[in-house]
Amino acid sequence: MTEAADHYDRLLARHYTWMLGGDLAALAAEQADLLRSVGVVSTAAAATAVDLGCGPGNQSLALARLGFSTVLAVDTSKALLDELAATAGGDPAIRTVQADIRTVLPHIARPGTADVIVCMGDTLTHLPSKDDVTALLGDIADALVKDGQLVITYRDLTRPLAGADRFILVRGTADQLLTCFLEYGDDDTVLVHDVLCTRTGDTWSQQVSSYPKLRIGADWLAARCAGAGLSVRRNEIGPRGMRLLTAVKAGAESRRSPIS
């Protein structure tokens, strides 16, 4: 288990939807609009999408709404996958997969079978090393059909913050407050300390957990995509201040059936 996966199991998973605003349907609708705006649509009767690091299902639900007949929703967190399954309400398009995104693609999608792969919501920065990012992009390129699409969103942490700017209020309500503190250790990672304060009656309790995030530069990621055979189409600031990268798979591979 990676440090990020352990962090989610210990602290964030049960609060993740609340952290994002608490309305999963609204979040899914927002993601559907974003994906539609970058040209993600189901163009075949049996189109397959893969959601790497699906969390509670913002993107998976959006992909099903956009018409993909199979949405493979991958995450290490059983709690988040269970939340997605409950929200999906038996939608036959959505199949949850509890696995590490670093190794899962060859097992769930044969080469040249995935029409769209998304890796969104800062998932990419949770990988242990930049070598893992490079290897994952290679697996993504193998799994995509010719002209298949990749969509990535992530937070660019390459510019270090200083002083009080390192303290970030994520969300606060009457009974719960989540703050994170960023500690810059080296050129490749930042240590994220999440501090969750919860009130029960007149008493406040505090939970603290930390994990490293990768500092991924926009040019570095675009170059690694190109090296994997993925042609970058968009590389820009997207919604909520996240970086948005989209790419397509070049080549002339034949389409084959995904693993059932």
Side-chain angles (χ1 to χ4, degrees), residues 1-5 35 38-40 47-55 59-60 63 68 70-76 95 97-158 187-189 212-236 238 242-260:
M1 178 180 290
T2 66
E3 291 182 69
L35 291 170
V38 298
V40 173
T48 298
V50 181
D51 182 4
L52 298 174
C54 64
Q59 288 78 229
S60 296
L63 289 162
F68 289 88
T70 300
V71 179
L72 302 174
V74 182
D75 207 283
T76 58
R95 294 167 48 188
V97 181
Q98 186 178 7
D100 190 325
I101 68 170
R102 293 175 298 172
T103 56
V104 72
L105 274 172
H107 302 287
I108 62 172
R110 292 192 181 97
T113 62
D115 297 273
V116 170
I117 296 177
V118 304
C119 185
M120 302 174 72
D122 229 12
T123 294
L124 204 62
T125 64
H126 292 166
L127 294 181
S129 73
K130 287 184 174 179
D131 286 344
D132 290 317
V133 176
T134 301
L136 177 62
L137 291 172
D139 285 347
I140 288 170
D142 287 343
L144 284 171
V145 300
K146 177 181 177 292
D147 296 326
Q149 295 172 274
L150 167 65
V151 181
I152 296 173
T153 61
Y154 66 101
R155 197 164 299 282
D156 185 345
L157 300 169
T158 54
D187 291 339
D188 287 338
T189 59
K213 271 190 173 184
L214 287 177
R215 300 170 68 181
I216 297 175
D219 292 341
W220 182 90
L221 183 59
R224 295 308 178 278
C225 285
L230 300 165
S231 178
V232 174
R233 296 294 175 86
R234 300 176 71 156
N235 189 11
E236 61 197 40
M242 305 282 278
R243 292 291 314 184
L244 169 67
L245 180 145
T246 68
V248 297
K249 162 77 172 291
E253 296 174 65
S254 62
R255 183 188 178 90
R256 292 177 284 274
S257 298
I259 296 173
S260 59

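The residues of the chain are indexed from 1 along the displayed sequence.
- Annotation: the span from Asp51 atom CG to Met120 atom CE amounts to 8.0 Å, rounded to 0.5 Å.
- Between Leu52 and Ile140, some side-chain heavy-atom pair lies under the 4.5 Å cut-off.
- At least one donor-acceptor pair under 3.5 Å links the side chain of Thr246 to the backbone N or O of Arg234.
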(request) Take Gln98 and Thr76 through the test side-chain contact (heavy atoms from CB on, under 4.5 Å) and record every step on the way to the result. (result) CA-CA 5 Å; Gln98 186 178 7; Thr76 58; 5.6 Å; no
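- To the nearest 0.5 Å, atoms CD1 (Ile117) and CG (Leu144) are separated by 4.0 Å.
- Side chain to side chain, Thr158 and Asp156 meet the donor-acceptor criterion of an N or O pair below 3.5 Å.
- The structure places SG of Cys119 at 7.0 Å from CG of Leu127, a figure rounded to the nearest 0.5 Å.
- In this structure a side-chain-to-backbone donor-acceptor pair under 3.5 Å is present from Asp75 to Gly55.
- A distance of 6.0 Å separates CG in Leu230 from CG in Leu150, rounded to the nearest 0.5 Å.
- A side-chain donor-acceptor contact under 3.5 Å links Arg243 to the backbone of Asn235.
- Proximity of a side-chain donor or acceptor of Thr153 to a complementary backbone N or O of Gly121 within less than 3.5 Å is detected.
- Scanning both residues, Gly53 and Ile101, for their nearest heavy atoms gives N-CG2, 3.7 Å.
- In this structure the side chain of Val145 never reaches within 4.5 angstrom of the side chain of Thr48, judged on heavy atoms.
- Distance CG/Leu214 to CH2/Trp220: 7.5 Å, rounded to 0.5 Å.
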(message) Determine whether Asp122 and Lys213 satisfy the following criterion, side-chain contact (heavy atoms from CB on, under 4.5 Å), listing intermediate values before the conclusion.
(response) CA-CA 9 Å; Asp122 229 12; Lys213 271 190 173 184; 2.4 Å; yes
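- Thr2 and Pro128 make their closest contact through CG2-CG, 3.7 Å (heavy atoms, listed as atom of the first residue, atom of the second, distance).
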(request) Decide yes or no on side-chain contact (heavy atoms from CB on, under 4.5 Å) for Thr125 and Ile216, but give the supporting numbers first. (result) CA-CA 7 Å; Thr125 64; Ile216 297 175; 4.2 Å; yes
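- Here the shortest heavy-atom pairing between Val74 and Ala99 reads CG1-O, 3.7 Å.
- Counting all heavy atoms, side chain and backbone alike, Thr189 lies closest to Arg215 at O-CD, 3.4 Å.
- In this structure the side chain of Arg95 reaches within 4.5 angstrom of the side chain of Thr70, judged on heavy atoms.
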(request) Would you please test Gln149 and Val248 for side-chain contact (heavy atoms from CB on, under 4.5 Å) and show each step? (result) CA-CA 5 Å; Gln149 295 172 274; Val248 297; 4.1 Å; yes
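- Pairing each heavy atom of Arg224 with each of Thr134, the nearest pair is CD-OG1, 3.8 Å.
- Here the NZ atom belonging to Lys130 is positioned 10.0 Å from the CG atom belonging to Leu221, to the nearest 0.5 angstrom.
- Taking all atoms of both residues into account, the shortest heavy-atom contact from Val232 to Cys225 is CG2-CB, 3.9 Å.
- Under the 4.5 Å side-chain criterion, counting only non-hydrogen atoms from C-beta, Leu105 is in contact with Leu136.
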